[in-house]
Amino acid sequence: MTEQLPFDLAAAHRYFSSQCFNQAWDLMDKSSRTVDEDEEMLRLSLTSTWHWTQREDCRPANLSVGYWQTSRIYTILGQAENARRYGLLCLQASQARGVLPFYLAYAYEALARAEAVAGHAAEMKAYLVKAHQVAEQLKDPESKQQLLADLETVRI
């Protein structure tokens, strides 16, 4: 008879929350994906966020990042409504007490992208203005530069 080893559920959540995020990111970075890879990219992002929600150390900043990634993937897939939905979840998490302004700026970036995909220029510009306002508060020059470069890529 083989002895059953105990399963460490907390370790599994730690592993899959980061592993699925990174795999989704790798697919996001591909210049060309198949339809199956697009679906896998989305499932990986959603799975990563779900595993984060199961972790004892899950904080609003972690959820902000997960929701941001899912919103970004939906923009890549051209699904404005879903991108907006996850952008709003990102915004909600980013507005929680103790979350750094960097996350709030990226929530506005996500919403600007969602509106760009929807073809809503006025809403896109309004979110870009908010993102730039938050960017002015960022103290880390590298983070600020990264954000501003990303904001420059938001277009209809």
Side-chain angles (χ1 to χ4, degrees), residues 10-31 33 38 41-156:
H13 290 309
R14 283 191 306 275
Y15 175 82
F16 287 113
S17 60
S18 63
Q19 185 67 20
C20 291
F21 180 89
N22 291 335
Q23 287 179 333
W25 195 275
D26 289 343
L27 287 168
M28 289 168 65
D29 281 343
K30 283 185 78 172
S31 59
R33 286 176 307 281
D38 283 346
M41 176 176 62
L42 177 59
R43 285 193 308 261
L44 284 164
S45 181
L46 292 167
T47 301
S48 168
T49 304
W50 181 81
H51 280 286
W52 266 107
T53 67
Q54 303 306 299
R55 291 175 56 158
E56 288 184 15
D57 62 341
C58 181
R59 301 292 178 261
N62 305 115
L63 294 176
S64 174
V65 171
Y67 294 143
W68 173 88
Q69 185 185 58
T70 302
S71 178
R72 184 68 173 265
I73 288 170
Y74 276 124
T75 64
I76 291 168
L77 299 177
Q79 297 182 27
E81 286 299 317
N82 286 322
R84 185 180 300 113
R85 177 175 176 235
Y86 279 90
L88 290 170
L89 288 169
C90 178
L91 179 62
Q92 181 180 8
S94 300
Q95 291 173 324
R97 184 180 184 149
V99 178
L100 297 174
F102 176 82
Y103 298 96
L104 180 60
Y106 269 99
Y108 289 132
E109 181 262 359
L111 288 163
R113 283 188 193 281
E115 297 304 337
V117 170
H120 300 156
E123 292 86 346
M124 177 196 75
K125 289 177 185 174
Y127 283 124
L128 286 174
V129 166
K130 289 180 180 188
H132 280 282
Q133 289 171 341
V134 176
E136 293 304 314
Q137 301 172 30
L138 300 181
K139 297 187 181 1
D140 177 42
E142 190 175 309
S143 295
K144 185 175 182 175
Q145 181 180 348
Q146 174 190 341
L147 171 65
L148 293 174
D150 284 339
L151 293 176
E152 289 298 316
T153 67
V154 180
R155 295 182 180 78
I156 290 183

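Along the sequence shown, the residues carry numbers beginning at 1.
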Review point. Under the ring-ring contact (aromatic ring centres under 6.0 Å, His included) rule, what pairs show up with a residue in residues 111-147, not counting sequence neighbours?
Key: none

**Study point:** Pairs satisfying ring-ring contact (aromatic ring centres under 6.0 Å, His included), at least one member in residues 72-102, at least two apart
**Key:** Tyr74-Tyr86, Phe102-Tyr106

Which residues satisfy the side chain to side chain donor-acceptor pair (under 3.5 Å) test with [X], sequence neighbours excluded?
X	value
Trp25	Asp29
Ser48	none
Trp68	Glu109
Gln23	none

Can you name the salt bridge (Lys or Arg N to Asp or Glu O under 4.0 Å) partners of [X], sequence neighbours left out?
X	answer
Lys125	none
Asp150	none
Glu81	Arg84

For [X] versus [Y], what's the shortest heavy-atom pair and its separation?
X	Y	result
Gly119	Ile156	C-CD1, 3.9 Å
Ala80	Ala114	CB-O, 3.7 Å
Ala116	Met124	CB-SD, 3.6 Å
Gly87	Leu111	C-CD2, 3.6 Å

Point to revise | Residue Tyr103 excluded, over 12 heavy atoms near OH under 6.0 Å | key: no

Review point. Counting heavy atoms not belonging to Gln95, are there more than 12 under 6.0 Å from its CD?
Key: yes

So how far is it from [X] [atom1] to [Y] [atom2], rounded to the nearest 0.5 Å?
X	Y	atom1	atom2	answer
Ser45	Arg72	OG	CZ	12.0 Å
Glu152	Leu128	CD	CG	9.0 Å
Arg33	Leu77	CZ	CG	7.0 Å
Gln79	Ile73	CD	CD1	11.0 Å
Thr70	Met41	OG1	CE	10.5 Å
His51	Phe16	NE2	CZ	6.0 Å

Practice item. Scan residues 94-103 for pairs that pass salt bridge (Lys or Arg N to Asp or Glu O under 4.0 Å), counting only residues two or more places apart or in two chains. Key: none

Review point. Are side-chain heavy atoms of Leu104 and Val99 found at a separation under 4.5 Å?
Key: no

Less than 3.5 Å apart, which donor and acceptor atoms pair up between the side chains of residues 138-147 and the rest of the protein, not counting sequence neighbours?
from	atom 1	to	atom 2	distance (Å)
Asp140	OD2	Ser143	N	3.1
Asp140	OD2	Ser143	OG	2.6

**Study point:** Side chain Gln69, main chain Phe21, donor-acceptor under 3.5 Å
**Key:** yes

Exercise for review: For the residue pair His13 and Trp50, categorise the inter-ring angle as parallel (less than 30°), tilted (30 to 60°) or perpendicular (more than 60°).
Suggested key: perpendicular

Point to revise | Check: Arg113/Thr153 side-chain N/O donor and acceptor closer than 3.5 Å | key: yes

Please output the side-chain donor-acceptor pairs of residues 57-67 that fall under 3.5 Å, not counting sequence neighbours, one pair per line with the distance.
from	atom 1	to	atom 2	distance (Å)
Asp57	OD1	Arg55	NE	2.8
Asp57	OD1	Arg55	NH2	3.4
Asp57	OD2	Arg55	NH2	2.7
Arg59	NH1	Glu56	O	3.4
Asn62	OD1	Arg59	N	2.8
Ser64	OG	Ser94	OG	2.7

